[in-house]
Amino acid sequence: MKNLFILFLAMIFASILFIGCSTEDNPLAPTDPGNGGGDPDPIVIKTPRFMHIESISVTGFPQNKPNGDTWDWNPLSSEERKPDIEVVLQRSGNHLPVFWSDRRKNANHTSTYVFTKPASSDDGKLPYDVPYSQTWMISLVDDDFGGKDQMGSVSVKPSSIYVKDNATNFNKTLTSGSLKIKVKGAWIY
């Protein structure tokens, strides 16, 4: 019986030492979220500094001009009536383009065209970092025999695309009428 009593006291003493040496918070504390009290550590939503655009894709555009005419006019051929498309990235307003893409000849209005290369070394490049609070435009242009026809444009405002989820990448389709442009890239925090 004496041994049982000593064993019982030793277990109480060991329990007191074990509890006293713990560096963890008391798991039964009233503010412990696991016990129905207090809030867990809040998730901090970061705000990106830049929208890092890696590629611009055209997935659809108007088949004809607003007046019903075909996009391309070529006096040497009556069969070539599909547009030769290019995309332009520039800040909204009267700003010079920061990226002017290479051309895709005789584009089909239902096909997808991915743009990552500039028309020349003087026409900017992708990827491009768009500041988070600025509004930018992506325009689709038909490089026609007599000049360049504006086919449409979409507005790109990173703060309206970001869904406050601390995402690292984005893949967003922007539309304006039958013009569909997909912007793909990453958020820079």
Side-chain angles (χ1 to χ4, degrees), residues 14-62 85-102 104 110-141 150-189:
S15 296
I16 291 172
L17 284 177
F18 181 76
I19 292 171
C21 293
S22 175
T23 59
E24 300 263 327
D25 288 340
N26 182 354
L28 299 177
T31 59
D32 184 18
N35 290 322
D39 290 328
D41 292 336
I43 296 173
V44 177
I45 301 297
K46 299 181 274 183
T47 301
R49 293 179 299 124
F50 296 98
M51 176 186 212
H52 184 74
I53 298 177
E54 295 170 355
S55 69
I56 299 171
S57 301
V58 175
T59 61
F61 57 84
I85 61 173
E86 303 169 343
V87 294
V88 180
L89 174 66
Q90 66 190 82
R91 189 170 171 194
S92 287
N94 279 336
H95 295 278
L96 295 174
V98 295
F99 175 73
W100 196 299
S101 76
D102 58 341
R104 306 300 158 80
T110 59
S111 296
T112 297
Y113 301 92
V114 180
F115 295 92
T116 57
K117 296 179 182 170
S120 74
S121 61
D122 296 328
D123 290 319
K125 64 181 179 174
L126 288 183
Y128 187 83
D129 295 340
V130 171
Y132 182 72
S133 61
Q134 294 180 356
T135 302
W136 288 63
M137 298 294 291
I138 299 174
S139 300
L140 182 64
V141 175
Q150 175 86 8
M151 298 176 72
S153 63
V154 294
S155 178
V156 179
K157 187 169 185 182
S159 62
S160 66
I161 293 173
Y162 181 62
V163 293
K164 296 179 174 63
D165 61 354
N166 291 337
T168 54
N169 298 315
F170 63 89
N171 192 357
K172 180 72 174 175
T173 299
L174 307 166
T175 61
S176 176
S178 57
L179 177 63
K180 293 181 179 94
I181 293 182
K182 186 181 288 188
V183 183
K184 184 177 179 184
W187 295 110
I188 298 176
Y189 295 95

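In what follows, every heavy atom counts, from backbone to side chain, and hydrogens, waters and symmetry copies are set aside.
- Separating the OG1 atom in T116 from the CD1 atom in I56 is a distance of 10.0 Å, to the nearest 0.5 Å.
- Sparse packing is recorded around CD1 of I43, with 12 or fewer heavy atoms of other residues, nucleotides or ligands lying under 6.0 Å away.
- Closest approach of I85 and Y113 over heavy atoms only: CD1-CD1, 3.8 Å.
- Here the closest non-hydrogen pair linking S153 and S139 is CB-OG, 3.5 Å.
- With sequence neighbours excluded, the residues forming a side chain to side chain contact (heavy atoms under 4.5 Å, CB included) with D102 are R104, F115, K117, listed by chain and number.
- For the atom pair Q90 CD and H95 NE2, the distance stands at 8.5 Å (nearest 0.5 Å).
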- [ ] Output, in order, the C-alpha distance, side-chain angles, deciding distance and verdict of side-chain contact (heavy atoms from CB on, under 4.5 Å) for I161 and W187.
- [x] CA-CA 11 Å; I161 293 173; W187 295 110; 4.1 Å; yes
Which atom pairs, one a donor and one an acceptor, fall under 3.5 Å between side chains of residues 166-184 and the rest of the protein, sequence neighbours left out?
{"unit_1": "N166", "atom_1": "OD1", "unit_2": "K46", "atom_2": "N", "d": "2.7"}
{"unit_1": "N166", "atom_1": "ND2", "unit_2": "V44", "atom_2": "O", "d": "3.0"}

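- Each of V58, L126, V141 was scored for a side-chain contact (heavy atoms from CB on, under 4.5 Å) with V87, with one residue passing: V58.
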Name every donor-acceptor pair, under 3.5 Å, that has one atom in a side chain of residues 127-135 and the other anywhere in the protein, sequence neighbours excluded.
{"unit_1": "D129", "atom_1": "OD1", "unit_2": "H52", "atom_2": "ND1", "d": "2.4"}
{"unit_1": "Q134", "atom_1": "OE1", "unit_2": "W136", "atom_2": "NE1", "d": "3.1"}

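- F99 is listed as a side-chain neighbour of S101, based on a closest heavy-atom distance under 4.5 Å.
- Listed for the S120 side chain is a donor-acceptor partner under 3.5 Å among the backbone atoms of D122.
- Between Y189 and R49 the shortest side-chain heavy-atom distance does not fall below 4.5 Å.
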